There are 2 protein chains.
Amino acid sequence: MRKVSESTVKRLSRYYRVLRLLEKEGYVTVSSKELAKIEKLTPAQVRKDLSLFGSFGTRGLGYKVLELKEKIASILGLDKTWKVALIGVGNVGSALVSYKEFAKQGFLIKLLFDNDQRKIGKNHKGIIIKDVKDLVKELKESKIEMVIIAVPADQAQKVVDQVVKAGIRTILNFAPANIKVPDQVFLRTVNMAMELEHLSFALINQI
Amino acid sequence: MRKVSESTVKRLSRYYRVLRLLEKEGYVTVSSKELAKIEKLTPAQVRKDLSLFGSFGTRGLGYKVLELKEKIASILGLDKTWKVALIGVGNVGSALVSYKEFAKQGFLIKLLFDNDQRKIGKNHKGIIIKDVKDLVKELKESKIEMVIIAVPADQAQKVVDQVVKAGIRTILNFAPANIKVPDQVFLRTVNMAMELEHLSFALINQI
DNA sequence: TTAACCTTGTGAACTCTTTCACAATTATGA
DNA sequence: TCATAATTGTGAAAGAGTTCACAAGGTTAA
């Protein structure tokens, strides 16, 4: 496959959300011009993004909403369900367990881990919290495909090392730490403080 | 000021974190080569980023850790404190109130809002939760500079409109919704499901 | 059926970002 | 003090990503 940029993937996620909405509102077709307007992009950008994966439109008409939505779902891997484990059932972890958007997109949190003896064995929103000691064994047995890290920063690297050892190739990290993984592992880090820093930069520099 | 790209700002945040760490470990100087190695970038990239804001280094030696850290802090606006209000004290909102990194960087959550009568008036981690009805008045009175949105998606636009009306110019949004703001307002949206979609894309397409 | 209109898909042009490469400058050790 | 080594800062080159512009193909209405 031709190279797909980070920005293109992000925009696909956005198109997907717009299409879901348009579908609900009863729209049958949508043009690149309309999509672009909604997302504040150029029509050419929208067409270029989509053309990386095939020709989904009809000249003179545009794209069929339902069809394009499903195409993008398939490109992003949203037409299947993913088994996800979450490590660290603290403040952030608990919030993520309740985060509806995950399940809506097929990301099903199947396992929870913590290292706190008071939490281990407890039922949290229908899932028994397991001991992080058994991480590698449990991840393998449950055929988990993705892992979300929500442990304190100083424990994150250690936990990630275990996760990698269990053969997991995709990790979403919420710990504010600079984590290292082997090349073949996909790691994305969400750092909420860095998002605020971006805003304070914008404010100070009056962009 | 010359144009500073989104990517540059993100990298500055990362440099800042590395420098904080290096300082703690007792390093006095650091070269662009070393910084680049830690962040998996090229030395030229590091120097180019910094050169946008001035000449902070010493040829033959590198950068003084403490000095560079402070320069970047000043660029990002981390050398002052920011008054932040958080709207929506649900799962995500509560997690954010407890998020240590915010305070560490000078982002102080001063006000909490919700629309749930059972929560309004209650003390949450030392802050009395206020009625979102009084949003505009309270934001103005408390001289809030930034707002974090953690309300359900279907209420987000309405709340943001109020925030904008109160004169706030920087908003960090955690609601999975496509929010519109006037041009002069800086809005960043963190969509955690979109981060997972990025990972599933990577996994499917075996990048 | 036909003419007028609309919209896609895509090379080419353009713009933005990253990397290269090297002069200039400072540090270091004999 | 001087030669050697290290490292910055920055124009120029290379590489990526975005927008332009238009031929090709499809729609619509009379």
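Bear in mind the structure is a predicted one, so any value in this text is a computation, not a measurement. Letters A, B, ... mirror the listed sequences (proteins, then strands); counts begin at 1.
- If you check the side chains of A:Ser98 and A:Lys125, you find a donor sitting under 3.5 Å from an acceptor.
- The pair B:Glu39-B:Arg17 does not meet the salt-bridge criterion, since no charged nitrogen lies less than 4.0 angstrom from a carboxylate oxygen.
- Residue B:Ser51 has its side chain nearest to D:dT10 when only D:dT10, D:dT8, C:dT8 are considered.
- Here the closest heavy-atom approach between residue A:Val151 and residue A:Gly88 is recorded as CG1-CA, 3.8 Å.
- Defined by atom type and a distance below 3.5 Å, a donor-acceptor pair is missing between the side-chain atoms of A:Asn91 and B:Tyr99.
- D:dT18 atom P lies 18 Å from atom NZ of A:Lys40, rounded to whole Å.
- Considering only heavy atoms from C-beta on, A:Ile149 stays 4.5 Å or farther from A:Leu172 through its side chain.
- Note: NZ (B:Lys33) to P (D:dG9) measures 17 Å, nearest angstrom.
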Close N/O contacts between protein and nucleotides 18-21 of chain C (under 3.5 Å):
residue	atom	partner	partner atom	Å
C:dT18	OP1	B:Arg11	NH1	3.0
C:dT18	OP2	B:Arg11	NH2	2.9
C:dT18	O5'	B:Gln45	OE1	3.3
C:dT19	OP2	B:Thr42	OG1	3.0
C:dT19	OP2	B:Gln45	OE1	3.4
C:dA21	N6	B:Arg47	NH2	3.2

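- Residues from residues 60-71 of chain A placing a heavy atom under 4.0 Å of any atom in DNA chain C, listed by number, are A:Gly60, A:Leu61, A:Gly62, A:Tyr63.
- If you measure from atom NZ of A:Lys3 to atom C1' of D:dG17, you get 9 Å, rounded to the nearest angstrom.
- Partners of A:Asp116 under the salt bridge (charged side-chain N to carboxylate O under 4.0 Å, His left out) rule, at least two apart in sequence or in another chain, are A:Arg118.
- Side-chain contact check for B:Asn191 and B:Glu195: no donor-acceptor pair (N or O, by modelled atom type) lies under 3.5 Å.
- Legend: residues meeting side-chain hydrogen bond (donor to acceptor under 3.5 Å, both in side chains) with B:Ser200, ordered by chain and number and at least two apart, are absent.
- Contact of A:Arg59 with C:dT7 (side chain to base): no donor-acceptor pair of N or O atoms is detected under 3.5 Å.
- A salt bridge (charged side-chain N to carboxylate O under 4.0 Å, His left out) check over residues 53-76 of chain B, counting only residues at least two apart or in different chains, returns the pairs B:Glu23-B:Lys69.
- Within residues 17-29 of chain B, no residue has any heavy atom closer than 4.0 Å to DNA chain D.
- Under the side chain to side chain contact (heavy atoms under 4.5 Å, CB included) test applied with A:Thr29, the options A:Leu22, A:Leu61, A:Leu66, A:Leu68 reduce to a single match, A:Leu61.
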